[in-house]
Every structure is written in structure tokens, then in C-alpha cells.
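Following: one structure in C-alpha cells, then a few remarks.
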Amino acid sequence: YSVRLFLLISIPAVAGTAVVAEPLLAVLANPEVARAGWLVAPLVTAASMFYGLAWILNSVLFVERRTKVMLASNLAAGLAKLGLGITALLAGSGLVGVAVATLVGQLIGLGVVLRDRTIPRTALPDFVFLAKVSTASLFMVVALKAGEFPRSAIIAGAPLLATMIAAGFGLYVAGLFLLRVFSANELDFVRTSLDRLRHLRASGRGDLQDHGAD
């Protein structure tokens, strides 16, 4: 559930960053920086996704006392990022090259973790799940790009960014339900969890009222 939930958030984050990076950088810096660095943001977001996956799976290694594998993963990722990053800078590829180096380094680190025998295959999502989430993310990106032509004349700056993020979130969630990403068991799990949360909140309010009456 942790891995699936993380991917449900991180995959559309990578796709969405490719769309919102330019207006975001324009708000935070200026249009020149936005045009020059829009590709860096999705690359770093993708690298963060692989880092997050490795971090979640490292909890399994920690419980299994496979700390040497954790060390090997971090060392491999760090050395790869350092070596490739320096190479990218010397080659004149700039921040884009460093971002690619970061992505490749995190992939290498995750690969070390996945090779360990203690990582259960059931902890990893199947291809169908990944394909559906990726398709929903792609649907979001295409829809946002299709509505790009009139938006600059209507809104700009922070309102534009907020509108794009809200619209992207709605489109992505709609795509998830259209593609039936969630199984019946998962939906029941969410409903049960929400019911428990409401029950705990109600119990807490009742205890506070009783304490106040006392």
C-alpha cells in the first residue's frame, strides 16, 4: 500500500511538473529562467521518485538487518551522481546534464535495493497498475497542453499556476476512476479507514465533553 500510494502521487507529479515547471519558474524567477530550466524540474522530480521508492524499500532491508545493502545502495547512488554530474559539467551540458546525472544515480541506487533477495516481489506494483497510472497522468498532461493556447490571455502568474494544478489534479483523479485503477478491496480499505478515523474523532470529542462536564 505504501509503494502504491507513493507511485499514485509521484508518477503524476513527474508528468505534471513537465507542464507547470515553466509557469512556476516564471513566477519564482523570470521568463528567461523558465525557458532555460523547464526541463530540469521534471528530471529532478523523477529522480526524487526513485529515491523515495528506495527509501520505502530500505525499511524492509532495515527490518531484515540488511544494512550493508542500504549502504551499498546509497554509495552507488552518491558516487554515480557525483561522477556523472562532474562529467556533465565538464561536457558543458549545464543543469540539465546534472539533473540527468541525478536521475541515473537514483536509478542505480534503486537497482541495488531491488536486486536484494529480501525485497518481496509482492511489494512492487504490477505492470497493469503502472500502465494505468501512467495513462491517467498522460491524459492529464495532454488535456492541460490542449488548453494552453487561450490561458495566457486570460490569467497569468500565480493564478495561472493554481488553476493548472487544480485542473490537473481533477483530470488525473478522473482518469484513475475511468481506468478502474482501484480494486474493490482497496476502496473498501479506504472506506474502513475513513470510518475508523471518524469514529476516533467522535470518541475524542465525546471524551473532551465529558472532561469539561467533570
Side-chain angles (χ1 to χ4, degrees), residues 1-28 34-35 37-59 77 95-96 99-107 109-111 113-114 122-152 155-191 193-194:
Y1 280 130
S2 297
V3 172
R4 287 169 70 89
L5 179 60
F6 179 74
L7 290 174
L8 279 170
I9 298 171
S10 58
I11 291 176
V14 175
T17 304
V19 180
V20 303
E22 189 169 349
L24 175 61
L25 290 173
V27 170
L28 296 176
R35 286 191 294 270
W38 71 270
L39 186 58
V40 175
L43 288 172
V44 173
T45 306
S48 300
M49 177 179 68
F50 294 121
Y51 170 79
L53 280 175
W55 188 84
I56 293 172
L57 296 175
N58 274 340
S59 62
L95 289 178
V96 174
V100 172
T102 303
L103 174 60
V104 174
Q106 292 302 157
L107 266 172
L110 177 61
V113 173
L114 292 177
T122 53
L124 305 176
D126 55 81
F127 175 77
V128 175
F129 172 82
L130 294 174
K132 288 183 176 181
V133 174
S134 299
T135 302
S137 301
L138 181 62
F139 167 71
M140 172 190 68
V141 170
V142 171
L144 287 176
K145 294 297 288 185
E148 189 174 20
F149 58 92
R151 71 188 186 197
S152 59
I155 52 177
L160 166 63
L161 187 61
T163 302
M164 291 178 67
I165 292 174
F169 177 77
L171 290 167
Y172 172 65
V173 172
L176 291 180
F177 280 98
L178 286 173
L179 294 171
R180 300 179 181 273
V181 173
F182 305 107
S183 66
N185 290 335
E186 289 172 335
L187 292 174
D188 288 339
F189 174 78
V190 173
R191 293 191 194 98
S193 300
L194 292 175

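From Phe129, atom CZ reaches atom CG of Leu7 across 6.0 Å, with rounding to the nearest 0.5 Å.
Here the closest heavy-atom approach between residue Pro42 and residue Thr17 is recorded as N-CG2, 3.6 Å. When all heavy atoms are compared, the tightest approach of Gly168 to Met140 is O-SD, 3.2 Å. Scanning both residues, Ala143 and Leu171, for their nearest heavy atoms gives CB-CD1, 3.5 Å.
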Full working for side-chain contact (heavy atoms from CB on, under 4.5 Å) between Leu124 and Leu114: CA-CA 10 Å; Leu124 305 176; Leu114 292 177; 3.9 Å; yes

Would Leu57 and Leu110 count as a side-chain contact (heavy atoms from CB on, under 4.5 Å) here? Give the steps. CA-CA 9 Å; Leu57 296 175; Leu110 177 61; 4.3 Å; yes

Could you walk me through whether Tyr172 and Leu176 satisfy the side-chain contact (heavy atoms from CB on, under 4.5 Å) test, starting with their C-alpha distance in whole Å, then the side-chain angles of each, then the deciding distance to 0.1 Å, before giving a yes or no? CA-CA 6 Å; Tyr172 172 65; Leu176 291 180; 3.5 Å; yes

Could you go step by step and tell me if Met49 and Phe6 meet the side-chain contact (heavy atoms from CB on, under 4.5 Å) rule? CA-CA 8 Å; Met49 177 179 68; Phe6 179 74; 4.1 Å; yes

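Evaluation of the salt bridge (charged side-chain N to carboxylate O under 4.0 Å, His left out) rule for Arg191 yields Asp188 as partners, not counting sequence neighbours. Residues forming a side-chain contact (heavy atoms from CB on, under 4.5 Å) with Tyr51 (at least two apart in sequence, or on another chain): Trp55, Gln106.
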List the atom pairs, with distances to 0.1 Å, where a side-chain N or O of residues 132-139 and a protein N or O form a donor-acceptor pair under 3.5 Å, not counting sequence neighbours.
from   : atom 1 : to     : atom 2 : distance (Å)
Lys132 : NZ     : Leu179 : O      : 3.2
Lys132 : NZ     : Arg180 : O      : 3.4
Ser134 : OG     : Leu130 : O      : 2.8
Thr135 : OG1    : Ala131 : O      : 2.7
Ser137 : OG     : Val133 : O      : 2.9

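Among Val104, Val113, Leu103, Thr102, the one residue that satisfies the side-chain contact (heavy atoms from CB on, under 4.5 Å) test with Phe50 is Leu103.
The number of heavy-atom neighbours closer than 6.0 Å to OH of Tyr1, taken from other residues, nucleotides and ligands shown, is above 12.
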